[in-house]
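Structure first, then comments.
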Amino acid sequence: MENTFSVFNKPKVELHIHLDACIRPETILYFASGDREAVKRIAYEFLETKANQGVVYVEVRYNPHLFANCNVHPIQWNQKKGDLTPEEVVELVNEGLKEGERDFNIKAKSILCCLRHMPEWSPEVVELCKKYHNDTVVAIDLAGDEGLKSETFPGHLKAYEEAVRCGIHRTVHAGEAGPPSVVREAVDMLKAERIGHGYHTVQDPALYDRLLKMDMHFEMCPWSSYITGACDPDFTKHPLIQLKNDGANYSISNDGSLPMGGVALDTDYKVAKSQMGFSEEDFMRANINAARSCFLPKDEKQKLLELLYEAYGRRDF
Ligand SMILES: [Zn+2]
């Protein structure tokens, strides 16, 4: 245990993790049988895993169309087209999350993802965000290849404008593999309140400085950035170190980057501690940042912050 701090065993908040990357291998087989209960089970088991990792609040994200298997994305689960609608998927995930909350002493909300290569799905994604607003769904996200943005962007922009109009929270994957201009677009055009990853923001000092002043939240996923090659594989050069040193508003999440079924947030914490110079206080601050930047309604957010202050034995962050 010499590689851990006591904070590793204290309550954690995780804001950036993909449900579809966190399915247990045995459940993938179950899913292939076509049993729609599997979608519910995936959400339920996800919360069991997260609770075991000391996560007290998680915002889990997914694209409902992929689970519904619209036969467009090369997802290999052998469902027949039309087995589930995206709306049924959201209802099943909601049920699984609510049951998991009851059984595992964890709080959970969900974020519905638009995909950059599928702008035709985005209108339905935002409608589902509206229909299930605060019924576990708290926000919209945009994920996928940042290089595709020019031809697909108008469809996503429209969905985000509707989200703004309806008070749906917004996060965007930006500056992960892509350049700072994608981050600027996310903030200025899509009205993102948080940036997923955002590593390459630091390459544009003016933009970075502006986002620091705005207290923009960065959802950092260090192990994922290593797996995907989004950053220099040398962790001692990782942009997260600069964010930490600059007192930026960031949090640490896993992203679901480990092989199927693996969602060990501890991997990210260990890397941050051993190779990025994170102190126990830095980890506490990252979790307080996550709590104050989460998409919970105001009163629930305050309760979450109180829970962390209590567990950390201090509130001077
Ligand atoms: Zn992600």
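Note that these values count all heavy atoms, side chains included, but never hydrogens, waters or copies made by symmetry. First listed ligand is number 1; within each ligand, the first listed atom is number 1.
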Which heavy atom of Asp255 sits nearest a heavy atom of Glu176, and at what distance?
OD2-OE2, 4.4 Å

Counting only pairs under 3.5 Å, give me each side-chain donor-acceptor contact of residues 304-311, with atom names and distances, residues two or more places apart or in other chains.
from   : atom 1 : to     : atom 2 : distance (Å)
Glu306 : OE1    : Arg315 : NH2    : 2.8
Glu306 : OE2    : Gln302 : NE2    : 3.4

Compare every heavy atom of Met276 with every heavy atom of Lys244, then report the nearest pair and how far apart it is.
CE-O, 3.4 Å

Protein N/O/S atoms under 2.8 Å of the Zn ion (ligand 1)?
His16 NE2, His18 NE2, His173 NE2, Asp255 OD1

Measuring centre to centre across the rings, with the benzene-like ring taken for any Trp, is Phe218 within less than 6.0 Å of His197?
no

Quick one: closest heavy-atom pair of Phe295 and Glu59, and the distance?
N-OE2, 2.7 Å

For Asp141 and Val172, which heavy atoms make the closest approach, and how far apart are they?
OD1-CA, 3.6 Å

